[in-house]
Amino acid sequence: MEEADQGTQRQDSVPEVGEDAVNTVGPSASSTALTEEEQAELHSELAKVEDEIQTLTQVLAAKEKQMAEIKRTLGINPLNELKQNLSKSWHEVTTSTAYKKTSETLSQVGQKATTAFSSMGSAITRKLEDVRNTPTFKSFEEKVDTLKTKMSPTPSTGDIDEVSDFTPNEEPVVKQPEGTITPDQEPH
């Protein structure tokens, strides 16, 4: 029995877990130092663990099949399940304290930005009004009005020669040389 106790206290433990751990354990100097009894015991334990893994795999497959059947009976399909998971996750996010604090902070920032833009707009409007009331702008405005008055057509009371070759809402009349026929004058 002392030999079995010494075997459990060995520092030859495998650092990995799972099937890969089995593949990494090969014949080493320490496995040759095991007695036949210890090797037989380890083989027996290995067989038990492999049987347990096989049994658990079968149980898991049976439970997954049972779960799928229950879901099918309840009418739960993968899309509904995804919707439920998203809804649950969104609810968890929106009820978290971090979300609430962030939401409050963003709300305050939005209110401050609105106030800042509003006051900035008011300041720009006041400044434009101040500029419009300056003597320089008034002088410029008068010059533009004078130019506009000079450029706008006024009804003429003079000779027929002074009348423009333009007719309202039409393109300018083009005078044809004498003896030429315009398209609307062609003989039919």
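Start at 1 with the first residue, then count along the sequence.
- Taking all atoms of both residues into account, the shortest heavy-atom contact from S96 to V93 is OG-O, 2.7 Å.
- Rounded to the nearest 0.5 Å, atoms CG (L128) and CZ (R126) are 11.0 Å apart.
- To the nearest 0.5 angstrom, L147 atom CG is 13.5 Å from E142 atom CD.
- No side-chain heavy atom of E50 sits less than 4.5 Å from a side-chain heavy atom of I53.
- Taking CG of D145 as the reference point, atom NZ of K150 lies at 12.5 Å (rounded to 0.5 Å).
- Among residues two or more places apart in sequence or in another chain, the side chain to side chain donor-acceptor pair (under 3.5 Å) test is passed with E141 by none.
- When all heavy atoms are compared, the tightest approach of N77 to N80 is OD1-N, 2.7 Å.
- Counting non-hydrogen atoms of neighbouring residues, nucleotides and ligands closer than 6.0 angstrom, the CD atom of E36 reaches no more than 12 such neighbours.
- Under the 4.5 Å side-chain heavy-atom criterion for grouping Ile, Leu, Val, Met, Phe, Trp and Tyr, V59 is not connected to M67 through any hydrophobic cluster.
- Within a 6.0 Å sphere centred on CZ of F140, heavy atoms belonging to other residues, nucleotides or ligands number 12 at most.
- The CG atom of N85 lies 16.0 Å from the CH2 atom of W90; values are rounded to the nearest 0.5 Å.
- When all heavy atoms of T95 and H91 are compared, the pair lying nearest together is OG1-O, 2.8 Å.
- For the pair Q111 (side chain) and Q108 (backbone), a donor-acceptor distance under 3.5 Å is absent.
- Here the straight-line distance linking atom CG of L79 with atom CD of E81 works out to 10.5 Å at 0.5 Å rounding.
- Side-chain contact between T57 and L60 is absent, with no heavy atoms from C-beta onward closer than 4.5 Å.
- Of the possible polar contacts, none joining the S87 side chain to the K83 backbone as a donor-acceptor pair under 3.5 Å is found.
- For S107 (side chain) and S103 (main-chain N/O), no donor-acceptor pair under 3.5 Å exists by modelled atom type.
- A donor-acceptor contact shorter than 3.5 Å links the side chain of S119 to the backbone of T115.
- Atom CD of E45 has 12 or fewer heavy atoms from other residues, nucleotides or ligands within 6.0 Å.
- Distance check, rounded to the nearest 0.5 Å: CD of E129 to CD1 of I124 gives 13.0 Å.
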Going through the checks in order, is the side-chain contact (heavy atoms from CB on, under 4.5 Å) test met by T102 and L106? CA-CA 6 Å; T102 303; L106 289 176; 4.1 Å; yes
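- The side chain to side chain donor-acceptor pair (under 3.5 Å) search around R72 returns E69, not counting sequence neighbours.
- In this view, K138 satisfies the side chain to side chain donor-acceptor pair (under 3.5 Å) rule with no residue, not counting sequence neighbours.
- T125 contributes a side-chain N or O that, together with a main-chain N or O of G121, makes up a donor-acceptor pair within less than 3.5 Å.
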